[in-house]
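Atoms within a ligand are numbered from 1 in the order they appear, just like the ligands themselves.
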Amino acid sequence: MNITQQIEVALKKQGNPINGKDSEDDSLQYPSITEWKRSIGMMGKEHDTTTTSVTASKSRQQWYKKGLGYWDDEETCPATVAGMLGGFGRISKCDLKGSAKFITHIKSHIRPSLKLTSEENGDVPTCACECGAGIGRVSKGLLLPLGISQCDLIEPSPRLISSAPEYLGSSASKCRFFCTGLQDFQPKADSYDIIWMQWMIGYLTDDDLVHFLKRCVTALRTGGIVVIKDNTCSQEAFVVDRDDASTTRSLPYIIAIAELAGLRVVHQQLQEGFPEDIFPVPMVALAADR
Ligand SMILES: C[S@@+](CC[C@H](N)C(=O)[O-])C[C@H]1O[C@@H](n2cnc3c(N)ncnc32)[C@H](O)[C@@H]1O
């Protein structure tokens with residue numbers, strides 16, 4: 001079974017939907033994840049073994065090109081907190097507060113082995129990875145204030161990552177900057193205490209997300225966690241946004257992907273205090289625990 005089929009099986013097993021729709025056009029409905037991927041050429045036609053991989057790889061390249069085109073454009077995304085949050089800059093404070101509460105709870109009640117500061121780590125610097133970091137909003141507002149010694153920012157837009165040092169100010173000296181899409185990022189083994197993925201997994205294809213999370217399993221240090229914080233839909237398994245080439249997945253869909261990669265949920269909680277008219281945003285902490 002390919003990854004898509006494995007996700008569909010996992011969703012169906014728990015009675016969760018596998019269908020999806022377009023965010024703008026009600027006439028675009030997809031009975032399954034497989035059917036949607038076929039419609040955009042990300043999976044070839046059934047039994048078509050000759051052209052499948054060529055078409056799928058072209059479609060994957062176009063997917064990432066469109067996503068990057070959206071975020072690398074000053075018009076659609078100014079290099080500001082509001083730009084990072086699609087105009088919802090006002091929710092950043094509440095978001096960062098909710099994330100800090102979530103991590104503090106995990107550290108005190110669920111996973112005391114999680115290391116945040118170098119003092120807790122035998123004076124060895126702790127390290128976090130902010131995925132799809134943009135200008136580094138989460139590193140500056142959450143990870144470094146939690147006491148993390150060093151943050152690695154992974155971001156494919158050259159324009160956004162080059163704006164990060166100025167936005168981070170004096171904290172920039174505690175950061176390293178990597179200009180690449182997550183689909184191509186190879187983290188070093190045993191290198192991170194926290195890998196933070198916020199409002200960005202929708203830009204990765206299912207296959208690339210599973211493969212990246214598998215690399216995270218190797219990259220996590222003892223006690224380390226991956227946190228996914230993202231929009232979720234609930235009526236369908238997924239909602240496609242063709243403007244920025246992204247999908248919003250349901251929570252069971254996200255968890256099915258994480259489990260396929262060898263991660264398990266250690267804690268999850270819904271972010272409170274966001275406006276009613278946006279998608280619900282759960283925080284999901286995942287561990288590998290070899
Ligand atoms: C909604 S913004 C969120 C930024 C940041 N995570 C935050 O919460 O402030 C989405 C970010 O994902 C990045 N992104 C898009 N495609 C990506 C990819 N393939 N790999 C990694 N990041 C990506 C965008 O460039 C953008 O910085």
Side-chain angles (χ1 to χ4, degrees), residues 23 42 59-100 102-103 128-145 151-164 167-168 171 175 177-187 194-213 215-216 226-232 240-249 271 274 278-279 281-284:
S23 63
M42 219 175 263
S59 162
R60 175 179 176 269
Q61 276 169 24
Q62 279 166 355
W63 178 263
Y64 287 120
K65 197 172 164 200
K66 189 149 192 203
L68 180 56
Y70 181 91
W71 289 101
D72 204 32
D73 183 346
E74 172 71 37
E75 297 263 302
T76 43
C77 173
T80 59
V81 168
M84 292 301 93
L85 303 185
F88 283 88
R90 66 182 190 281
I91 68 171
S92 183
K93 211 169 156 189
C94 171
D95 163 62
L96 295 167
K97 212 170 149 192
S99 300
F102 179 70
I103 290 295
C129 177
E130 184 187 356
C131 303
I135 57 172
R137 186 186 68 89
V138 176
S139 290
K140 182 175 178 173
L142 173 73
L143 300 169
L144 292 168
C151 285
D152 287 352
L153 278 66
I154 321 301
E155 167 57 45
S157 155
R159 185 179 62 85
L160 294 178
I161 198 90
S162 61
S163 304
Y167 171 72
L168 288 159
S171 322
C175 297
F177 305 90
F178 298 83
C179 187
T180 177
L182 221 53
Q183 64 278 13
D184 299 318
F185 180 59
Q186 309 281 345
I194 299 191
I195 300 174
W196 195 271
M197 307 176 78
Q198 180 158 1
W199 280 318
M200 59 75 48
I201 60 165
Y203 297 100
L204 294 187
T205 66
D206 290 344
D207 288 37
D208 285 329
L209 185 52
V210 170
H211 292 136
F212 177 72
L213 290 173
R215 299 198 287 279
C216 289
V226 175
V227 177
I228 294 180
K229 183 168 186 177
D230 219 307
N231 295 347
T232 51
V240 182
D241 187 332
R242 282 175 296 154
D243 281 346
D244 64 354
S246 69
T247 52
T248 298
R249 300 176 177 93
Q271 166 72 45
F274 277 181
I278 66 170
F279 282 118
V281 180
M283 298 172 266
V284 184

J.: For Gly67, state whether at least one heavy atom is located under 4.0 Å from any atom of ligand 1.
T.: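 Gly67 does not count as a contact of ligand 1 under the 4.0 Å cut-off.
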J.: Near Tyr64, which atoms of ligand 1 are under 4.0 Å from a heavy atom of that residue?
T.: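 Listed by number with element, the hits are 19 (N).
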J.: Which ligand 1 atoms, with their elements, are less than 4.0 angstrom from a heavy-atom of Leu204?
T.: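 That gives atoms 19 (N) of ligand 1.
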J.: Quick one: does Glu155's side chain have a donor or acceptor within less than 3.5 Å of a partner on Gly134's backbone?
T.: yes
J.: Quick one: nearest non-hydrogen protein atom to atom 10 (C) of ligand 1, plus distance?
T.: Trp199 O, 3.3 Å
J.: In terms of atom number and element, which parts of ligand 1 are under 4.0 angstrom from non-hydrogen atoms of Gly134?
T.: 27 (O)
J.: Does an N or O anywhere in Tyr203 fall below 3.5 Å from an N or O of ligand 1?
T.: no
J.: I'd like to check which ligand 1 atoms, numbered from 1 as shown, lie under 4.0 Å from a non-hydrogen atom of Arg137.
T.: 7 (C), 8 (O), 9 (O)
J.: Do Glu130 and ligand 1 have an N or O pair less than 3.5 Å apart?
T.: no
J.: What residue and atom, counting heavy atoms only, is the protein's closest point to atom 17 (C) of ligand 1, and at what distance?
T.: Pro156 CG, 3.6 Å
J.: Which atoms of ligand 1 have any heavy atom of Met84 under 4.0 Å away?
T.: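 Going through ligand 1 atom by atom, the ones under 4.0 Å from Met84 are 1 (C), 2 (S), 3 (C), 9 (O).
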J.: Within a strict 4.5 Å, meaning less than it, do heavy atoms of the Thr76 and Asp243 side chains meet?
T.: no
J.: Would you check the N or O atoms of Gln183, main chain and side chain alike, for any that come under 3.5 Å of an N or O of ligand 1?
T.: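 By distance alone, the answer is yes.
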J.: Given side chains that start at C-beta, do those of Leu153 and Leu168 come closer than 4.5 Å, heavy atoms only?
T.: yes
J.: Taking the side chain from Arg159 and the backbone from Asp73, do they hold a donor-acceptor pair closer than 3.5 Å?
T.: yes
J.: Minimum heavy-atom separation for Gln183 and Leu204, please, with both atom names.
T.: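 Scanning both residues, the minimum pair turns out to be OE1-CD2, 3.5 Å.
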J.: For atom 11 (C) of ligand 1, grab the closest protein heavy atom and report residue, atom and distance to one decimal in Å.
T.: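 The closest one turns out to be Gly132 O, 3.6 Å.
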J.: What is the closest protein heavy atom to atom 24 (C) of ligand 1, and at what distance does it sit?
T.: Trp71 CG, 3.4 Å
J.: Under 4.0 Å from any heavy atom of Gly181, which atoms of ligand 1 are there?
T.: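 Those qualifying, in numeric order: 20 (N).
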J.: Just so I know, are the side chains of Leu96 and Arg137 near enough to count as touching, which here means a heavy-atom distance under 4.5 Å?
T.: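 They are in side-chain contact.
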J.: Can you check whether Phe279 reaches Asp230 side chain to side chain, under 4.5 Å on heavy atoms?
T.: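 The answer is no; the side chains never approach within 4.5 Å.
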J.: Only one of Trp71, Tyr64, Tyr70, Trp63 forms a side chain to side chain donor-acceptor pair (under 3.5 Å) with Tyr203, so which one is it?
T.: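 Passing option: Trp71.
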J.: Do Met84 and Cys77 touch side chain to side chain, with heavy atoms closer than 4.5 Å?
T.: yes
J.: Quick one: which ligand 1 atoms are inside 4.0 Å of a heavy atom on Leu160?
T.: 27 (O)
J.: Measure the shortest side-chain to side-chain distance between Arg249 and Leu209 over non-hydrogen atoms and say whether it is less than 4.5 angstrom.
T.: yes
J.: Which protein non-hydrogen atom lies closest to atom 20 (N) of ligand 1, naming both residue and atom, and how far is it?
T.: Leu182 N, 2.9 Å
J.: Kindly identify the option in Met200, Met197, Glu155, Arg159 whose heavy atom sits closest to atom 27 (O) of ligand 1.
T.: Glu155
J.: With Arg60, which of Asp208, Asp206, Asp207 fulfils salt bridge (Lys or Arg N to Asp or Glu O under 4.0 Å)?
T.: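 Between Arg60 and the candidates, salt bridge (Lys or Arg N to Asp or Glu O under 4.0 Å) is satisfied uniquely by Asp208.
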